[in-house]
Amino acid sequence: MTESQPRVLILMGSDSDLDAMQGAVRALGEFGVRCEVKVLSVHRAPDLALLEASRARERGIRVIICGAGAAAHLAGAVAAKTTLPVIGVPLESGALRGLDALYATVQMPPGVPVATVAIGGAHNAAILAVQMLALSEPELAERLAAYKRKLVEQVEEKDRRAQERLREDGLS
Ligand code: RP5
C-alpha cells in the first residue's frame, strides 16, 4: 500500500446525498486523510455495492463511511460484507426527515455493527474515522489532540461572548 492510497471509503446511496456528505470529505481533508467517494445504492445496484464492500479491505481501505436516507440499508449491507469498521450516517430525506434512516442504520442485528452517528452527522463520521486510524498512527493522534484543544478554545470564546451579552443586558 502506498501513502497516497485512500484509507477511507465514503459511500452514499444517491448523488442527492452529496451535499450532506461533503462535511465528511472536508473534515477528512483537514486531517490530511485521503478518501474515495462513490455513489452506490444497495437497493438499485446491489451487486455493485456488495462487491465494493467485499473488496475494500484488500484495496487498502481501513474505514468505510456510508450515508443514505429513507430506507437506509447501505451501511448495514456493506457491514455484512466486510470486516472493516463501518460508520453509518442517516440522512434527512422525504416525509420522515431522517428518522427512518436513523432507525434503519442503527438497528443492526448482533454480530453486524454499524457505528451510527446523528442524522446528517457526516462531520462526526469523519472524526470517528480519523480516531480509528489514529489508533495506529501517532501523527493523526497529535492532530486529533490539536483539534480537541481548538474545541476548548471555541467554548471559551462562546463563554466570553455570553458573559459580554449578560453585562450589556445588565444581567450580571
Ligand atoms: C436513498 O434515497 C438515498 O440515499 C437518498 O438519500 C434517497 C433519495 O435518493 P434519490 O431518489 O434522490 O436517488 O436511497
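As the structure lists them, so they are numbered: ligands from 1, and atoms in each ligand from 1. No hydrogens, no waters, no symmetry mates; every other heavy atom, side chains included, goes into these values.
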- Task: Run through V37, L133, I127, V130 and flag the one making a side chain to side chain contact (heavy atoms under 4.5 Å, CB included) with L28.
- Result: V130
- Using heavy atoms and a cut-off under 4.0 Å, could you grab the residues that are in contact with ligand 1, chain by chain, numbers ascending? G13, S14, S16, D17, R44, A68, G69, S93
- Query: When you look at CD of Q163, are more than 12 heavy atoms from neighbouring residues, nucleotides or ligands closer to it than 6.0 Å?
  - Reply: yes
- Is atom CD of E168 surrounded by more than 12 heavy atoms (other residues, nucleotides or ligands) closer than 6.0 Å? yes
- Determine, stepwise, if the pair T82 / R57 fulfils side chain to side chain donor-acceptor pair (under 3.5 Å). CA-CA 7 Å; T82 183; R57 182 183 277 276; 5.4 Å; no
- Task: Supply the atom-to-atom distance L91 CG to D100 CG, rounded to the nearest 0.5 angstrom.
- Result: 10.5 Å
- Task: Check the angle between the aromatic planes of H73 and H43 and answer parallel, tilted or perpendicular using the 30° and 60° thresholds.
- Result: perpendicular
